[in-house]
Amino acid sequence: MAGRHSAKSSKKPLVIICIAAAVIIIAVVCAVIFLNSASKPANTNSTTAQQTTSTVQSASAESYETTLQPATDAQQTTQIETFAGETSEVPKVVVPTQSGQEVSYFNATYVPYKAIDSSTNEECSLREVFGSAFSQGVITFNSDGTFTDSVTSSSVDSGAYAVEGDTIVATYSNDKNMSVKVASWDGDTPVELIINYGGYDVYFNM
C-alpha cells in the first residue's frame with residue numbers, strides 16, 4: 001500500500017507542470033495572433049496616410065506652379081514696360097550755340113584755385129563763394145560734348161557743352177546755362193577757365 005501511494009504522489013507534480021506549460025504556450029500563441037492582427041491595420045493606415053500626404057503635396061505643388069506662372073509673366077511684362085519708359089524719358093540737353101559758329105570739344109579736368117569779387121576786384125576765399133558746400137571738387141569736360149560739375153558737395157551736376165571761340169557754352173541737365181571764359185590755351189585745349197558764380201569770378205586750372 002505504501003508503494004502505490006508514493007507512485008501516485010510523484011505523478012501529481014508532472015501533471016501540474018504539463019498543464020502549466022500548456023497554458024503558457026496557449027497564452028503565447030494568443031498573444032502572437034493578437035499582435036499580428038493589431039499591427040496590420042496600423043500598417044494599412046500608415047500606407048494610406050503616406051499616400052494621402054503625397055497626393056496633397058503633389059496637388060499643392062501643381063497649385064503653386066499654376067499660381068506662380070502668371071506672376072512671372074506679369075513681372076516680365078512690367079520690366080519690359082519699365083525699361084522702355086526709362087529709355088524714352090532720357091532727357092536730351094540742347095546747348096544754345098550761335099548759328100553758323102564752328103564748335104569743338106576737348107577732354108580735361110579743372111580745379112578752382114582762386115576767386116575775385118567782380119565788384120571790388122579783391123580776392124576772396126573759395127569757401128566765401130561756395131559756402132560750407134565747397135568740397136574741393138572739379139569740373140570735367142569730355143570729348144563727347146558732356147561735362148560734370150562736382151565743385152560743391154551738395155550735388156554732382158552734369159550736362160552738355162560746346163566751345164565757341166574763347167567761350168565754353170555749357171547747359172546743365174536742368175536747363176541752367178553757364179558761360180565759361182577761356183583765359184589761356186594749350187593748342188586746342190583750354191588751360192585756364194573763368195566762371196562767374198553770383199558776382200564772383202572763380203579761376204580754374206588743370
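Just so you know, residue 1 is the first one in the sequence shown, and it goes up from there. We use all heavy atoms of the structure for the numbers below, so side chains are in, but hydrogens, waters and symmetry mates are not.
- Val202 is listed as a side-chain neighbour of Leu126, based on a closest heavy-atom distance under 4.5 Å.
- The two residues Ser135 and Ser150 come nearest to each other via the heavy atoms OG-O, 3.5 Å.
- More than 12 heavy atoms of other shown residues, nucleotides or ligands fall within 6.0 angstrom of atom CG in Asn174.
- For the pair Pro190/Tyr110, a side-chain contact is recorded, criterion being any heavy-atom separation below 4.5 Å from C-beta on.
- For the pair Phe130 and Tyr197, the minimum side-chain heavy-atom distance is below 4.5 Å.
- Annotation for Ile116 and Tyr203: closest pair CG1-CE1, 3.7 Å, computed over non-hydrogen atoms.
- Of all heavy-atom pairs between Phe106 and Asp188, the closest is CB-O, 4.3 Å.
- Met206 and Leu193 fall within the same hydrophobic cluster, where Ile, Leu, Val, Met, Phe, Trp and Tyr residues are linked whenever their side-chain heavy atoms come under 4.5 Å apart, directly or through other members.
- Ile139 has its side chain within reach of Ile195: a pair of non-hydrogen atoms, C-beta onward, lies under 4.5 Å apart.
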>> For a ring pair (Phe, Tyr, Trp, His ring centres under 6.0 Å) check, start with the C-alpha distance between Phe141 and Tyr105, then their side-chain angles and the critical distance, and finish with the verdict.
In response: CA-CA 8 Å; Phe141 294 91; Tyr105 308 99; over 10 Å; no

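- Atom-to-atom distance recorded for Asp201:CG and Glu123:CD is 12.0 Å, nearest 0.5 angstrom.
- Under the 4.5 Å side-chain criterion, counting only non-hydrogen atoms from C-beta, Thr152 is not in contact with Phe134.
- Residues satisfying the side chain to side chain contact (heavy atoms under 4.5 Å, CB included) criterion with Ser132, sequence neighbours excluded, are absent altogether.
- In Asn107, the CG atom is crowded: over 12 heavy atoms of neighbouring residues, nucleotides or ligands sit closer than 6.0 Å.
- Minimum interatomic distance between Pro112 and Gly137 (heavy atoms only, all atoms of both residues): CD-O, 3.4 Å.
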> Phe147 and Asn142: side chain to side chain contact (heavy atoms under 4.5 Å, CB included), yes or no, with the steps?
Replying inline: CA-CA 6 Å; Phe147 76 94; Asn142 303 308; 5.6 Å; no

Distance-only criterion, 3.5 Å: show the donor-acceptor pairs between side-chain atoms of residues 178-185 and protein atoms not counting sequence neighbours.
from: Ser184; atom 1: OG; to: Glu192; atom 2: N; distance (Å): 3.4
from: Trp185; atom 1: NE1; to: Asp166; atom 2: OD1; distance (Å): 3.1

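- Between the CZ atom in Arg127 and the CD atom in Gln136 there is a gap of 7.5 Å [rounded to 0.5 Å].
- Taking OH of Tyr161 as the start and OG of Ser104 as the end, the distance is 7.5 Å to the nearest 0.5 Å.
- Contact of the Asn196 side chain with the Ser118 side chain is registered, since non-hydrogen atoms from C-beta on lie closer than 4.5 Å.
- Grouping the Ile, Leu, Val, Met, Phe, Trp and Tyr side chains by contacts below 4.5 angstrom, directly or via other members, places Val129 apart from Val138.
- Put simply, the side chain of Ile168 reaches to within 4.5 Å of the side chain of Val163, judged on heavy atoms.
- Checked against side chain to side chain contact (heavy atoms under 4.5 Å, CB included), Asp157 has the following partners two or more places apart in sequence or in another chain: Asp149, Ser155, Tyr172.
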